[in-house]
Amino acid sequence: MDYNFSAIESKWQQAWAEQNIYHVPNQSDKPHFYVLDMFPYPSGAGLHVGHPLGYIASDIYARYKSLQGFNVLHPMGFDSYGLPAEQYAIQTGTHPEKTTFENIDRYIEQLKKIGFCYDWDREIRTCDPSYYHWTQWAFIQMFHSYFDPRTQKAQPISQLISEWEANDPTWATLSEKAQQERLMNYRIAYLADTKVNWCPKLGTVLANDEVSEGLSVRGGYPVEQRVMRQWCLRVSAYAGRLLEGLDRIDWTDSLKETQRNWIGRSEGAEMQFTVKGQDAPFTIFTTRADTVFGVTFMVLAPESEYVKRVVTDEQREEVEAYLQRCKSRTERERIADRRVTGVFTGSYAINPLTQGEIPIYISDYVLAGYGTGAIMAVPAHDSRDYAFARHFNLPIIPLIEGADVSEESFDAKEGKMTNSGFLNGMEVKDAIQAMKEYITNTGIGRVKINYRLRDAIFSRQRYWGEPFPIYYKDNMPYTLPIECLPLCLPEVSDFKPTENGEPPLGNATQWAWDEVNKQVVDKALIDNQTIFPLELCTMPGFAGSSAYYLRYMDNHNDKALVAPEVNAYWKQVDLYMGGSEHATGHLIYSRFWNKFLYDLGYICEDEPYKKLINQGMIQGRSNFVYRYIGEGATGNLYISYNLIENPEYKGKVQPIHVNVNIVNNDVLDINAFRAWMPEYKNAQFVFADGTSVEDNPYLAGEKQYICGWAVEKMSKSMFNVVNPDDVIAKYGADTLRLYEMFLGPLEMSKPWDTNGIDGVHRFLKRLWNMYENIVNAEPTKEELRSLHKLIKKITWDIENFSFNTSIPAFMIAQNELSALKCNKRAILEQVAILLAPYAPHIAEEMWQRCQAISDQLSAISQFVVNAEWPICNEAYLVEDTQKYPVQFNGKVRFTFECAKDTPKEEVEKQVLAHEDTQKYLNGQAPKKVIVVPGRIVNIVM
RNA sequence: GCCGCGGUGGUGGAAUCGGUAGACACGAAGGACUUAAAAUCCUUUGGCCAGUGAUGGCUGUGCGGGUUCAAGUCCCGCCCGCGGUACCA
């Protein structure tokens with residue numbers, strides 16, 4: 001009986017679809033469980049074998065949970081707004097929607113072939129108006145809310161207004177515009193002039209997590225700083241809760257640590273310094289209040305508001321020149337150039353403790369966006385201040401006994417204070433505390449907690465994104481009425497920015513809001529009386545992905561993001577699977593968004609993702625051929641990898657990437673290579689055995705050309721992309737699923753190496769053959785032991801996400817059962833259930849074969865998904881005897897077997913009496929004998 | 001620089017609580033079947049040494065120390081690789 005995987009897989013995929021067996025109801029007597037994959041951006045390249053790794057793992061878990069009797073929500077959708085489709089549109093004129101939909105179709109087709117148990121009825125697409133309706137809705141909620149620091153919660157902004165109406169007499173005197181401007185400082189979604197990351201090449205601003213080392217993450221284009229009026233989300237207000245919430249969720253330590261660093265809490269003090277000859281003080285932030293006695297200068301960020309207050313007339317020209325220079329440099333230039341720069345303002349501050357006069361400088365090593373944009377510099381104990389002091393020849397006063405600051409600063413927070421007035425003799429830790437108390441009591445400062453986390457810039461000057469439900473009246477933004485949502489993305493004549501530099505939506509003609517008739521109208525009608533311009537920016541990529549998990553719960557609901565009773569049933573994601581690259585982007589924004597909706601009472605859980613697992617990346621494994629470039633080279637001769645270190649070839653070959661799909665176990669398919677590209681048509685080879693002739697076709701099969709290999713990123717240009725469709729065509733989806741798990745631990749990154757897939761495929765074939773003549777007979781003790789060992793192992797593995805160790809367990813069980821010639825339904829049926837999460841198609845077929853001879857066939861268990869997960873009966877695992885490895889001084893010399901429950905003393909007695917023991921003791925008396933019952937015996941001589 | 005993760009045969013990896021290191025596969029070598037190939041099956045396979053052989057001995061988890069009857073696993077000090085982050089005061 002052949003294992004015809006393609007017939008089996010298409011048969012069951014069709015049957016499952018027809019019976020709709022993966023449909024998930026929103027009410028059930030069963031306990032609920034929510035397994036979520038990070039939804040993909042549907043790129044034009046389609047899926048490669050790296051993408052499904054996490055999906056397979058979560059699919060195994062989801063199937064396992066259903067077999068255990070849970071009602072499992074396991075949906076899939078598409079993060080379908082984004083730059084690539086729009087860039088493609090600009091180049092080719094193809095509408096991004098067309099490209100996106102085609103890519104989605106391809107993704108769905110590929111995903112369906114792998115046999116996931118998704119409920120496709122719950123599919124969502126972020127670019128679908130019925131979906132972004134709720135993205136826009138959430139934005140409007142944020143616009144009309146503020147964060148109350150007293151309760152640490154978002155509240156309707158109407159509460160703030162009532163408070164002002166009652167307690168603040170100035171409020172009523174303000175014009176409507178002035179009132180709106182004041183409210184803007186409190187809204188959770190607000191417009192502000194902010195220093196943004198502007199990417200000229202992409203023509204848009206980017207969030208901090210979309211920029212890495214001064215380049216855009218997408219495309220790698222330079223990014224510069226600009227001040228622009230943009231929509232922002234007040235994520236920073238939630239910094240404390242985002243940090244503290246990490247303690248209550250089951251994520252990996254490394255991911256939590258990344259988020260903690262990104263949020264960057266630091267506890268310190270704000271202190272006031274007066275400027276000599278001025279009344280108004282300025283405020284700095286420091287975590288080292290204990291070092292005030294060592295402050296020898298002050299530094300302001302170039303963008304600091306204090307700058308204009310302290311610059312003296314003599315210094316004005318020099319300062320202006322410096323500010324101009326800072327402005328013209330991009331972030332990347334600043335990072336690359338680490339030279340110390342700065343300029344003296346001409347003013348002096350007064351040290352509140354020593355009353356000493358200290359010069360005030362401006363330098364770009366101080367950031368405007370952190371703390372107060374001003375610092376007190378303590379060169380003895382901060383390496384940056386030290387470098388600055390050395391450059392400008394400023395004094396350096398050590399404050400810790402024994403600290404040598406002649407070469408570098410002493411940054412460690414340890415030692416005894418000196419030169420520090422009343423702090424002298426204290427340990428640094430105590431001194432920090434004492435100084436905090438001092439400044440609080442004297443009123444020169446206060447204890448303050450600062451966060452690194454910044455507000456998220458929420459505007460993008462792009463077409464292919466969610467439109468803002470915003471129109472402008474007298475330059476102030478107003479939200480569309482909720483009942484008018486969704487505001488659909490308009491058609492445009494051109495996807496590029498307009499001639500006068502407006503975002504692409506400036507090209508739309510139907511893009512104005514009629515306040516009276518509550519509809520979108522032609523922008524030629526704008527009169528700023530009843531018809532107003534609509535916002536031209538769109539939302540960023542993370543808008544649609546921030547609350548998508550909630551929408552899956554109730555994706556057909558057109559009255560709410562999610563109905564309260566449905567949310568109350570599913571609550572939150574129990575298991576979230578995805579890449580760790582989203583640690584500082586999506587996973588922060590999503591938690592923020594969720595907390596906001598929670599504050600307003602729309603959902604019932606404060607955290608979206610209870611448990612999170614990061615699957616590792618699948619890297620590419622590239623193959624190389626080695627072109628001979630030595631003397632007499634024709635450019636047409638290729639040397640086998642095993643020979644390239646030989647003296648005659650060493651240093652005379654050039655490695656060339658070769659398509660991994662024409663290489664099998666590192667052996668090149670010669671004919672396929674010649675057909676691959678015209679330049680290789682007449683390729684000649686020096687084969688592994690050192691010969692180069694293959695004119696005798698009878699010998700040709702014997703000749704092998706060995707390719708070299710390397711682990712690299714999976715990419716088209718390295719010809720190392722492996723498509724799951726090809727693997728499925730050759731081996732079947734079940735083999736693909738098993739092999740992806742077999743490759744190694746889920747969370748580790750590893751190269752895709754097709755060497756080895758045959759082993760997994762052969763295992764399935766062997767297992768398959770055991771299901772040929774199934775009989776209804778009583779299983780033996782040995783058979784039951786094998787089965788229950790497997791049940792125990794697989795259950796443990798799935799609970800612990802150790803999927804890679806399950807495949808060997810199945811192989812061992814198969815070996816044991818086949819050695820026992822087991823063909824009993826009672827055993828094989830259970831094995832099929834255990835295998836079902838991993839290899840659902842073959843398991844279904846095996847299950848059906850068992851059911852065909854069963855006398856207990858019932859309607860409920862017609863598919864293996866409706867079966868029950870087996871429970872391990874430990875009684876079958878009990879062995880009659882116990883084997884003890886016997887060590888002498890820690891080295892195992894022989895094994896000793898005795899009855900299971902032999903007492904410790906008896907084991908010791910028997911081992912000592914053993915003839916081998918006498919041999920190894922060699923006449924010596926043992927000093928000590930250690931018996932660990934059920935484990936080991938160690939004899940110390 | 002800082003934070004996190006990792007380093008085990010020719011390869012992927014296993015060893016889940018400190019208790020027989022190398023499970024299970026791949027590859028390789030040899031053999032069976034075959035006109036031949038594919039497929040399948042069997043045997044061997046960390047290294048070194050001794051022995052015709054069964055077998056025995058030594059060595060071995062990046063390096064150097066330590067704790068322990070016993071260390072891949074725990075502790076201290078390094079080296080290397082990968083990922084994240086960076087003038088955050």
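Protein chains get the first letters and strands the later ones, always in sequence-line order, with residue 1 at the start of each.
- Out of B:A89, B:C26, B:C58, the shortest distance to the side chain of A:T287 is found at B:A89.
- Among the protein residues, A:N450 comes within range of no part of the nucleic acid, since none of its heavy atoms lies under 4.0 Å from any strand.
- Contact annotation: A:N804 side-chain N/O to B:A14 OP1/OP2 distance is under 4.0 Å.
- Note on A:V932: a base of the nucleic acid sits closer than 4.0 angstrom, heavy atoms only.
- Comparing the P positions of B:G18 and B:C74 gives a spacing of 8 Å, expressed to the nearest Å.
- With both ends at atom P, the span from B:A21 to B:G56 equals 15 Å, rounded to whole Å.
- B:G9 shows a glycosidic angle within 90° of 0 and is accordingly assigned syn.
- Nucleotides B:U67 and B:U73 place their C1' atoms 14 Å apart, quoted to the nearest Å.
- In this structure, B:G81 forms a base pair with B:C5, meeting either the Watson-Crick or the G-U wobble geometry with both donor-acceptor distances under 3.5 Å.
- Here the C1' atom of nucleotide B:C69 and the CD atom of A:Q887 are 8 Å apart, to the nearest Å.
- Atom CG of A:D758 and atom P of B:U40 are 8 Å apart (whole Å).
- The nearest whole Å value for the distance from the CE atom in A:M748 to the C1' atom in B:A14 is 11 Å.
- Here A:Q619 contributes atom CD and A:S749 contributes atom OG; the two are 4.5 Å apart, rounded to the nearest 0.5 Å.
- Rounded to the nearest Å, the gap between the C1' atom of B:A32 and that of B:A37 is 16 Å.
- The partner of B:C33 is absent, by the rule that a Watson-Crick or G-U pair needs both atom distances under 3.5 Å.
- Here the nucleotide nearest the side chain of A:D753, chosen from B:A14, B:C3, B:U11, is B:U11.
- Using a 3.5 Å distance cut-off with no hydrogens or angles, the side chains of A:Y365 and A:D385 do pair a donor with an acceptor.
- The partner of B:G27 is B:U45, judged by Watson-Crick or G-U wobble contacts that both fall below 3.5 Å.
- In this model, no donor atom of one side chain and acceptor atom of the other lie less than 3.5 Å apart for A:E270 and A:T283.
- Between A:K750 and A:I936, the residue anchored nearer the 5' end of RNA chain B, judged by the nucleotide with its closest heavy atom, is A:K750.
- Per the geometry, CZ belonging to A:F810 stands 16 Å off C1' belonging to B:A25, to the nearest Å.
- Side chains of A:S806 and A:D797: a donor-acceptor N/O pair is present below 3.5 angstrom, by distance only.
- If A:G264 and A:Y920 are placed on RNA chain B by their nearest nucleotide, the residue sitting closer to the 5' end is A:Y920.
- For A:R893, the listed nucleotide lying nearest its side chain is B:C58; candidates were B:G4, B:C58, B:C24.
- Between the P atoms of B:C42 and B:U20, the separation comes to 29 Å (whole Å).
- Put simply, the side chain of A:N938 and the base of B:C69 share a donor and an acceptor less than 3.5 Å apart.
- Residue A:Y884 places none of its side-chain N or O atoms closer than 4.0 Å to OP1 or OP2 of B:U20.
- Nearest nucleotide to the side chain of A:N261, out of B:C26, B:G19, B:C3: B:C3.
- Which of B:A89, B:A23, B:A86 sits closest to the side chain of A:I812 comes down to B:A23.
- Looking at A:T341 and A:Y322, their side chains do bring a donor and an acceptor atom within 3.5 Å of each other.
- For A:K927, no side-chain nitrogen or oxygen approaches OP1 or OP2 of B:C69 to under 4.0 Å.
- Below 30°, between 30° and 60°, or above 60°: for A:F803 and A:F801 the angle between ring planes is above 60°, a perpendicular geometry.
- Between the side chains of A:S236 and A:D455, a donor-acceptor pair is found at a separation under 3.5 Å.
- B:C24 shows a glycosidic angle more than 90° from 0 and is accordingly assigned anti.
- Counting non-hydrogen atoms under 4.0 angstrom, A:L743 reaches the backbone sugars and phosphates but no base.
- The phosphate of B:A25 has OP1 or OP2 within less than 4.0 Å of a side-chain N or O from A:N815.
- Using a 4.0 Å heavy-atom cutoff across all strands shown, A:P751 reaches no nucleic acid atom at all.
- Contact annotation: A:S580 side-chain N/O to B:G84 OP1/OP2 distance is not under 4.0 Å.
- How far CZ of A:F687 is from OH of A:Y705: 9.5 Å, rounded to the nearest 0.5 Å.
- Among the nucleotides B:C69, B:A14, B:U20, the one closest to the side chain of A:T895 is B:U20.
- Looking at A:H381 and A:S409, their side chains never bring a donor and an acceptor atom within 3.5 Å of each other.
- Residue A:V940 has its side chain nearest to B:C69 when only B:C69, B:A89, B:A86 are considered.
- Between A:Y3 and B:A39 there is no side-chain polar atom (N or O) within less than 4.0 angstrom of OP1 or OP2.
- A:K765 comes within 4.0 angstrom of sugar-phosphate atoms only, judged by non-hydrogen atoms across all strands, and of no base.
- Per the geometry, OH belonging to A:Y739 stands 18 Å off P belonging to B:C24, to the nearest Å.
- Using C1' as the reference atom, B:G13 and B:G27 are 14 Å apart when rounded to the nearest Å.
- Atom P of nucleotide B:G12 and atom CE of A:M741 are separated by 18 Å, given to the nearest angstrom.
- Only the C1' atoms considered, B:C79 is 24 Å distant from B:G10, to the nearest whole Å.
- Minimum atom distance to the side chain of A:F742 is reached by B:A25, of the listed B:C58, B:A89, B:A25.
- Between the CD atom of A:E897 and the P atom of B:U20 there is a distance of 17 Å, given to the nearest Å.
- Counting to the nearest Å, the P atom of B:A28 and the CG atom of A:N755 are 9 Å from each other.
- Taken to the nearest 0.5 Å, the CE atom of A:M271 stands 4.5 Å off from the CD1 atom of A:I444.
- Taking atom C1' on both B:U11 and B:A28, the two are 11 Å apart, rounded to the nearest angstrom.
- The side chain of A:R762 approaches B:U40 more closely than any other nucleotide in the set B:U40, B:U85, B:G4.
- B:U20 makes up no base pair with any nucleotide shown, lacking Watson-Crick or G-U wobble contacts both under 3.5 Å.
- With a cut-off of 3.5 Å on both Watson-Crick or G-U wobble distances, the partner of B:A39 is given as none.
- Of the listed nucleotides (B:A25, B:U59, B:A89), B:A89 has the atom at the smallest distance from the side chain of A:I375.
- B:G53 is unpaired under the criterion used here, namely a Watson-Crick or G-U wobble arrangement in which both key atom distances are under 3.5 Å.
- Across all strands, A:R766 comes closer than 4.0 Å only to sugar-phosphate atoms, never to a base (heavy-atom distances).
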